[in-house]
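Everything on this sheet refers to the single structure shown next.
Being a predicted model, the structure only gives us computed values, none of them experimental. To find a chain, count down the sequence lines: A is the first, B the second, and so on, and within it residues start at 1.
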Protein chains: 2
Amino acid sequence: MANIKEIAKLAGVSVSTVSRVLNNHPYVREEKRARVLATMKQLKYARNMNAVHLITGRTMNIAIMLPFINHAYFSLLMEGAGQEALAASYRLILCQTGYAQDKELEVLEMLRNREIDGIIILSSAVTPEQIEAYCPYGPIVCCLDAGERLFSSIYINHAEAFRRAMHYLIDRGHRRIGFTVGRLDSPSTRARKTAYEEVLKEIGEPYREEWILDGCIDLEDGAAIMNRLMDMRERPSALLVTGDHVAAGLIYEAEKRDISIPQELAVIGFDNQPIGKMLGLTTIDNRLLDMGSEAFKIVYAHIQGERKDPVRKELPFELIERSSV
Amino acid sequence: MANIKEIAKLAGVSVSTVSRVLNNHPYVREEKRARVLATMKQLKYARNMNAVHLITGRTMNIAIMLPFINHAYFSLLMEGAGQEALAASYRLILCQTGYAQDKELEVLEMLRNREIDGIIILSSAVTPEQIEAYCPYGPIVCCLDAGERLFSSIYINHAEAFRRAMHYLIDRGHRRIGFTVGRLDSPSTRARKTAYEEVLKEIGEPYREEWILDGCIDLEDGAAIMNRLMDMRERPSALLVTGDHVAAGLIYEAEKRDISIPQELAVIGFDNQPIGKMLGLTTIDNRLLDMGSEAFKIVYAHIQGERKDPVRKELPFELIERSSV
DNA sequence: TTGTAAGCGTTATCAG
DNA sequence: CTGATAACGCTTACAA
């Protein structure tokens with residue numbers, strides 16, 4: 001496999017000239033450039049990018065850390081980041097962690113080991129402090145509000161969105177409100193829980209632990225909620241559901257049991273996925289596609305040196321009214 | 001940032017010894033090993049993997065080429081490959097192409113440039129011949145039957161699955177059968193079309209171009225089919241739908257219009273996605289998760305040198321009977 | 001506009 | 001068990 005040296009010898013120039021041609025540098029006589037190019041073609045030259053990476057200290061790779069690949073929420077974020085990466089000629093390295101801390105730390109180590117130029121964290125189990133320890137090695141951006149940190153954040157205000165949704169329900173006469181979450185100990189769940197308590201206090205309703213439905217991640221979980229609801233001696237009249245797919249599962253199961261939505265149970269989703277649109281689901285659009293692309297742009301700006309300090313950017317959300325409330 | 005040389009000097013050993021420690025080689029006196037390890041910790045040593053990649057000629061990266069990230073079909077395949085990659089300590093590089101040939105060729109070039117050790121192609125627009133041109137540079141596997149090639153294939157027999165589904169419908173009294181596809185010019189569509197014509201001939205039904213519904217990729221496309229069907233002077237009594245999400249959109253739209261399924265329109269899906277299960281969709285399980293993980297394993301076996309010749313492996317499919325027929 | 005030579009940070013080889 | 005030293009293939013001062 002030919003290298004730059006052989007090309008140089010055969011073309012009768014120096015390796016630097018070959019390198020200049022390779023990198024589209026100016027100051028190469030057209031005649032020599034042509035000769036180099038011809039020799040490359042003749043020898044089927046292929047650049048060894050690892051050598052380039054070694055000398056330049058860059059890999060054009062960014063890791064995207066996420067717990068599950070096969071989930072609509074992460075797919076949308078990935079899509080957003082992926083489009084930007086494509087445009088910037090960067091590559092996304094898929095790092096599925098399943099929320100295992102050791103796997104997450106491995107990804108962070110990749111940054112230290114210069115295997116990647118930056119990291120986009122879609123969701124993780126490690127603490128912000130653990131992440132900060134890796135900030136000296138390259139830009140990191142998180143898709144949630146981690147507060148004032150050494151790394152960047154791009155997020156929507158979950159507490160605010162949650163409050164907005166609750167008030168929307170309250171304005172329409174609901175007082176018995178419950179909600180579903182994916183993981184009880186996630187940062188966004190904590191934000192929602194706080195908002196939940198606050199709003200309940202505002203309207204003088206008691207806080208009921210049993211109306212916080214945990215472990216709702218997918219379609220099937222949404223369908224399963226219905227069973228849990230049926231078992232309750234007192235049921236909420238409205239549900240805030242994290243994830244339109246969970247809401248879709250719930251709606252479908254409700255239909256099966258002849259529970260009419262919104263009359264017997266009002267539902268507000270999150271994420272604004274196509275399935276929600278199809279089902280007439282009232283939902284919070286949290287701009288996942290934009291968030292993914294913004295996340296990439298932030299990391300990219302840091303890599304390019306256009307930016308030095310961490311960014312902390314809030315994206316506006318939007319409540320989309322349809323017919324499930 | 002400390003390197004192997006500094007570690008060696010500070011620990012009072014040679015670089016080779018440090019390298020041996022790094023790679024868990026035997027033949028290092030325990031005392032020296034400890035000293036090296038301690039020095040590394042002290043200097044916060046981080047290995048520069050690019051140097052390792054350069055000298056070893058391996059990157060531990062495999063590209064996964066696909067047109068769209070945000071699609072359930074590809075998500076499942078990715079998930080399968082991702083799990084195996086995780087287990088093998090390999091990384092997946094996400095290469096979204098949008099079926100643009102130049103982007104696809106860029107991915108193939110990455111193999112030539114030694115940026116990756118292999119490629120998993122989930123779906124592509126380039127020809128098998130174009131792919132074969134890159135086989136000298138590393139293992140490539142395609143998730144469809146490309147025939148006897150220099151690269152590997154892992155696939156289900158689409159024609160057979162299609163025939164099976166058609167006969168299932170015919171056995172239940174259907175003769176007016178249509179089908180939907182994503183792209184008209186894809187290899188699996190061609191296989192389906194051939195099977196379609198054959199079976200129609202078998203039962204003496206005419207071939208109707210207008211019952212082949214093109215451009216059906218997502219939920220919304222499924223819903224849109226209903227409009228197309230309504231415009232027809234004569235409608236099929238059964239539809240083979242490529243992709244459970246498309247089928248789900250169709251079913252939902254049918255429900256809206258009070259068209260009963262399966263009485264007025266029978267539907268068979270493909271992919272066996274959760275949404276299909278929820279909707280009681282009869283479908284073909286084409287083992288996407290297994291296909292993804294098998295794809296990774298094949299490439300991996302080649303990289304490890306456990307295998308030399310290309311693999312061509314067919315996965316069995318299964319018709320899952322539910323209530324949409 | 002071009003060439004020489006010094007790295008980049010490892011691992012591999014080979015002699016001890 | 002250990003250490004010199006030569007690759008790996010490229011970019012980039014610096015000098016011409």
Side-chain angles (χ1 to χ4, degrees), chain A residues 1-37 39-40 43-61 109-117 137-138 305, chain B residues 1-37 39-40 43-61 109-117 137-138 305:
Chain A
M1 224 151 266
N3 60 23
I4 211 182
K5 222 167 161 178
E6 296 180 47
I7 301 291
K9 199 193 295 176
L10 230 93
V13 297
S14 73
V15 289
S16 4
T17 299
V18 178
S19 175
R20 286 187 190 104
V21 171
L22 233 29
N23 294 287
N24 291 314
H25 277 286
Y27 304 134
V28 178
R29 191 172 306 170
E30 208 37 65
E31 172 225 328
K32 291 204 176 183
R33 180 189 306 277
R35 212 157 67 222
V36 169
L37 253 19
T39 314
M40 282 181 179
L43 262 61
K44 295 191 181 180
Y45 171 74
R47 181 145 61 161
N48 187 325
M49 293 309 291
N50 295 310
V52 179
H53 295 161
L54 173 58
I55 193 93
T56 61
R58 285 239 208 131
T59 62
M60 309 293 277
N61 283 156
E109 280 293 329
M110 287 173 73
L111 189 61
R112 223 165 81 89
N113 295 339
R114 301 170 192 82
E115 288 185 87
I116 49 177
D117 298 345
Y137 307 112
Chain B
M1 224 151 265
N3 59 22
I4 211 182
K5 222 166 162 179
E6 297 180 45
I7 302 290
K9 199 194 296 178
L10 230 94
V13 298
S14 73
V15 288
S16 334
T17 299
V18 178
S19 176
R20 286 189 188 103
V21 172
L22 232 28
N23 294 287
N24 291 313
H25 278 287
Y27 306 136
V28 179
R29 192 173 305 170
E30 209 37 65
E31 171 224 329
K32 291 203 176 183
R33 179 189 306 277
R35 211 158 68 222
V36 168
L37 254 19
T39 314
M40 282 181 181
L43 263 60
K44 296 191 183 180
Y45 171 75
R47 180 145 59 160
N48 187 325
M49 292 310 290
N50 294 313
V52 178
H53 295 162
L54 173 59
I55 193 90
T56 60
R58 286 242 209 128
T59 63
M60 310 293 277
N61 284 155
E109 280 293 327
M110 287 173 72
L111 189 60
R112 225 165 81 87
N113 295 339
R114 301 169 192 80
E115 289 185 86
I116 49 179
D117 299 345
Y137 308 112

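Each of A/A51 and B/P26 lies near DNA chain D, and the nucleotide nearest B/P26 is the one positioned closer to the 5' end. Of the two residues contacting DNA chain C, namely B/N3 and A/G12, the nearest-nucleotide position lying further toward the 5' end is that of A/G12. Residue whose closest nucleotide on DNA chain C sits further toward the 5' end, between B/Y45 and B/R20: B/Y45.
No N or O donor and acceptor, one from the side chain of B/S19 and one from the base of C/dA12, sit under 3.5 Å apart. With hydrogens and angles left out, the side chain of A/S16 and the base of D/dT11 share no donor-acceptor pair within 3.5 Å.
Note that CZ of A/R20 is 11.0 Å distant from CZ of A/R33, once rounded to the nearest 0.5 Å.
Comment: A/K9 does not engage A/E6 in a salt bridge, judged by the lack of any side-chain N to carboxylate O separation of less than 4.0 angstrom.
Look at B/R33 and you won't find any side-chain N or O under 4.0 angstrom from OP1 or OP2 of D/dC1. In this structure, B/N48 does not reach the C/dC8 phosphate: none of its side-chain N or O atoms is under 4.0 Å from OP1 or OP2.
Counting any heavy atom pair closer than 4.0 Å across all strands shown, A/K32 reaches sugar-phosphate atoms only and no base atom. The residue A/N50 sits apart from the nucleic acid: no heavy atom pair falls under 4.0 Å. Within 4.0 Å of B/A8, counting heavy atoms only, lies no atom of the nucleic acid at all. Counting any heavy atom pair closer than 4.0 Å across all strands shown, A/V18 reaches no nucleic acid atom.
The only option from B/L22, B/V21, B/V28 that meets the side-chain contact (heavy atoms from CB on, under 4.5 Å) definition with B/V36 turns out to be B/V21.
Using a 4.5 Å heavy-atom threshold, the side chains of B/M110 and A/M49 count as separate.
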